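Below you'll find the structure, written out as structure tokens, and then a few comments.
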Amino acid sequence: MADRHLIRPSHHVPWDVTVQSVVPPSINKVIEQGMTAYSSSLEGYQAVSAKDDKIFVWKGQNVHALYHPFLKNSDFLSISANSSSAREDDELYVYCLNKSNGYLALWILNSPNERPSLIAKTPSAKIQVSSFENITSMHAMGSSLYLGTGQSDVWRVTVTARPLVLQAEPLTRPSIGMWSYVFGSSGRKSSIQQLLSNDKIYSVTQDGLVEEWTDGTCVGIANLSELLSEKLKVSNVGVNVLKSSCNLGHDLDVIFKASLPQGSRIYWIRLHLQSTIELQQVQWLNRFHDDVECIGLITSENGMAYASFEYDAEQWPVTVVSLSSEPANMVHEVDLPMHEAPSIVGLSKDVETHGAILVTSTGLQIRARWMHLQQSGTRADPSSANQETSFVLANHLRQAFWQYYQTQQIKLSPSWCEATNNSELEYEKAILLTGRQLQEDGDSSSSKNPLEWHLAFIKMIHKTGLYKNVSGPSRWKLLAIGQEISVHNLVLQSNLLNSDDLPPFGLAAKLAKLQEHILNHAPSSEWTLLLGNILKKAKEYREKHHVDSYDVLSDPRNLWTHQLRDVLRKQLEQQPQIMRNACQKEALGQIIQAALEVHQENRSKQYAQVKSLGFQLTRSQLQDDVMALNLCVAHAYYEGLCQLSLDHPRDERFALEPMLLNEDGSDQFQDFGAFALDWFSNHNRYDKVLKYGKLLSDEVFSSILNRDEKLRKFRWIFALRQEKYDVASDFLYENGDGQNIPQTQLSLSLAKLAA
């Protein structure tokens, strides 16, 4: 089957979640009836044990069914490829253990097309473990198998070639020094929760002891309780390990429940395993309460780890979390669609990417991976750490919104309940991200109502008290989202668009399609009217909701127009005819204003082009010089200001003195003086140069006169104003070049007077 996107990566949710395939029917049947164990290998093989005496191993749609009568209701299953085999193809070792009767079985799959055979079965007495009921974990590494017990013991099971026999031996620990530190004087031991391997074997006990084993001996140890206590400056931290994982790069990840004075919390810790065990990162997973279940954890070779969490309740979605020690804020979360993934039965490494493969209870194999912002087609923000933290918080808030929308009850995750003033910016960004994501999920042409969602979301954050800390600019951004949603029906109802050509879902996709339509058609009065009506509708929405919903004063800005940036510019570039009626003129005026606003953020050549086009159209088609003046002032269009002052010399409204004096210190008009003098000089209006030059500083005016060849002949006037008569005389002598006799005579006469 073709890949089907459940979640497409975007700037707001940089996750790629795709249905890769449906599991084979025999595997799906086991999942439906209930399985007893699951395992996966680095090579992409997966295995499940059924409640009966069958075991299934599969990769893609190729399935191997294994059988033994003594393995009914098996407890442990582990598979591994033996890359060191002398055979051309890697051998796949499949181990299965039934604790109730003590049988351990091994199958070797030599190739996908070869029927597997049972080659060994060994009861507990033969393996020399005191009781198979005491086995708590099992892990295959190559052809070897490692067993962990409830007393922290580790056993290694090896396969002899001739005859094919399983042999077991205990691994040893030092008898003094470090070992007394581990167990203390009481000799306390804890069950091994999980065994892991890269090129070495690691055991992780239930209470957080991480042990490294080399050549059958424990050579290093870390105590998660001690590490967390030191990191949090809290004593006597209780640890209950949920899941652990490692990669070939010597990163070891552990997710555990920590008992703290504040209560029970879920933590992720990363250790780097080389010559010494080094703590890299500790992170509180504040999305989750302590009753959450961690279904699986894998660590990819690029250092990204993935974990899946779910609650024992139908109304909660499965959450996939990606974890990384780089950058500083390293937790990214996504909720899986509940219809496709109501629960997860297995999590394994994705052999094609650095992501994760999830096997769902509905029989789907889903690839999930967090996409870095640059991989998602967006540019990483300089403050990306804060941005990434906001993605996490946005997922928490979105979950709380859906519960509120359905039940009118608000239950925020611990991360929101413990907000502090130091992180207000991150919480504000999370609110904006959630608002945008709800918009992208909506489609007012169906039973979904994105505008209702949006207003309900605004109402919810008002009720929680979060809105009062939202800044003014962010409130305007939330209002802009509402305006964008409000114009959606105009897009659908326009007779200029063929509804069959519009995407079946997704507001953002429909808006992009509208942009494509307009760009592919020559501008006309009909398209102008459509855009004008869209902008008018957005304004009406603002006037209706700006106070009650968004708590802002009305302000002619932040209209929804960014989606149509290119369309607006094209309308200005190729405006085909005179706007003959009031509606068309009003629409064109709104397009001009909107085009200037959306290009203002990026002060590029396009912005300069739009300013020029908007100015020309306002004067020629709208015939409104006052509107043109307002646009020039708002967008610092220097050329338009100069032209208007030249065309309206006696109208004080068009005078340049306010901009030249720039008494309010506006950054927009800091360079206006030099531009205006150059502009009037190029238009041979030297009287204006001398008039407005008086308003500039002496240093600026002098530099302009010296660098412009056309203005150099007026330097003597500036010198006279400064009462520097000798300098004025020198300038006048320079002006007398002898080529223009009358002019030279005048200059020499004036020079004598100046001297």
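The structure displayed is predicted, hence computed values, not measured ones. Scope of the values below: all heavy atoms of this structure, side chains included, with no hydrogens, waters or symmetry mates.
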Got a second to check how far L228's CG is from N223's CG, nearest 0.5 Å? 10.0 Å
Is a donor from one side chain sitting under 3.5 angstrom from an acceptor on the other, for S229 and S235? no
Spacing of L323 atom CG and W268 atom CH2 [to the nearest 0.5 Å]: 5.0 Å
Check whether any side-chain heavy atom of H5 sits under 4.5 Å from a side-chain heavy atom of V17, and report yes or no. no
State the CG-CG distance between L271 and D251, to the nearest 0.5 angstrom. 9.5 Å
Pairing residues for D291 by the side chain to side chain donor-acceptor pair (under 3.5 Å) criterion, not counting sequence neighbours: none
Could you please spell out the steps behind the salt bridge (Lys or Arg N to Asp or Glu O under 4.0 Å) verdict for E333 and R398? CA-CA 11 Å; E333 302 165 354; R398 191 161 176 256; over 6 Å; no
Rounded distance (nearest 0.5 Å) linking atom CD1 of I255 with atom OG of S244: 9.5 Å
Minimum heavy-atom distance between A368 and L358, given as atom pair plus value: CB-CD1, 3.7 Å
The criterion is ring-ring contact (aromatic ring centres under 6.0 Å, His included); which residues satisfy it with H289, sequence neighbours excluded? none
Taking only residues two or more places apart in sequence or in another chain, which ones pass side chain to side chain donor-acceptor pair (under 3.5 Å) with E301? K349
So does E293 pair up with K243, basic N to acidic O under 4.0 Å? no
Between Y405 and W402, how do the two ring planes meet: parallel, tilted or perpendicular, split at 30° and 60°? perpendicular
Could you tell me whether the side chain of Q33 reaches within less than 4.5 Å of the side chain of K51, counting heavy atoms only? no
Run the side chain to side chain contact (heavy atoms under 4.5 Å, CB included) test on I366 and I357 for me, step by step, so that the C-alpha distance in whole Å, both residues' side-chain angles and the decisive distance to 0.1 Å come before the verdict. CA-CA 6 Å; I366 295 176; I357 295 293; over 6 Å; no
Looking only at side-chain N and O atoms, does T299 offer a donor or acceptor that is under 3.5 Å from a partner on S245? yes
Does any donor atom in the side chain of Q399 or R287 lie under 3.5 Å from an acceptor atom in the other side chain? yes
So which heavy atom on W15 is nearest to which on H332, and how close? CZ2-O, 3.3 Å
Would you give the length of the straight line joining atom CZ of R436 to atom NE2 of H454, rounded to the nearest 0.5 angstrom? 9.5 Å
Is the closest side-chain heavy-atom distance between M460 and I410 below 4.5 Å? yes
Taking the side chain as C-beta and beyond, is there a heavy-atom pair between V359 and I344 under 4.5 Å? no
Going by heavy atoms in the side chains, are Q281 and I269 under 4.5 Å from each other? no
All heavy atoms of A394 vs all of L433, minimum pair found to be CB-CB, 3.9 Å
Looking just at side-chain N and O atoms, do N28 and S26 make a donor-acceptor pair shorter than 3.5 Å? no
Just jot down the side chain to side chain donor-acceptor pair (under 3.5 Å) partners of S343, sequence neighbours excluded, or say none. S361
Polar contact flag, side-chain donor to acceptor under 3.5 angstrom, Q46-Y38: yes
Provide the closest heavy-atom pair for T205 versus V241 in the form atom of the first, atom of the second, distance. O-CG2, 3.3 Å
Mind checking whether I266 and L242 have side chains closer than 4.5 Å, heavy atoms only? yes
Does the side chain of I461 reach to within under 4.5 Å of the side chain of F401, using non-hydrogen atoms? no
Side-chain contact, heavy-atom cut-off 4.5 Å: L336 with P317? no
Output all residues satisfying ring-ring contact (aromatic ring centres under 6.0 Å, His included) with Y541, sequence neighbours left out; order by chain, then residue number. H545
Within the 3.5 Å criterion, strictly below it, is a donor on S474 or E428 matched to an acceptor on the partner's side chain? yes
Evaluation steps, salt bridge (Lys or Arg N to Asp or Glu O under 4.0 Å), between K257 and D290: CA-CA 7 Å; K257 187 184 302 183; D290 60 1; 5.6 Å; no
Using ring-ring contact (aromatic ring centres under 6.0 Å, His included) as the criterion, list what pairs up with F288, not counting sequence neighbours. F309
Would Y306 and W370 count as a side chain to side chain contact (heavy atoms under 4.5 Å, CB included) here? Give the steps. CA-CA 9 Å; Y306 291 89; W370 183 81; 4.1 Å; yes
Check against side chain to side chain contact (heavy atoms under 4.5 Å, CB included), V210 and L252: CA-CA 10 Å; V210 179; L252 187 145; 4.1 Å; yes
Search all heavy atoms of E484 against all heavy atoms of V487 and return the closest pair with its distance. O-CG2, 3.1 Å
On a heavy-atom basis, the closest approach of A430 and L397 is O-CD2, 4.4 Å
Gap between atom CG of D207 and atom OG of S225 - 0.5 Å precision: 8.0 Å
Take a 6.0 Å sphere around CD of Q61 and say whether it holds more than 12 heavy atoms from other residues, nucleotides or ligands. yes
Q365 and S21: side chain donor to acceptor below 3.5 Å: yes
Does the side chain to side chain contact (heavy atoms under 4.5 Å, CB included) test come out yes or no for R265 and L260, once each step is laid out? CA-CA 7 Å; R265 292 179 174 179; L260 301 170; 4.0 Å; yes
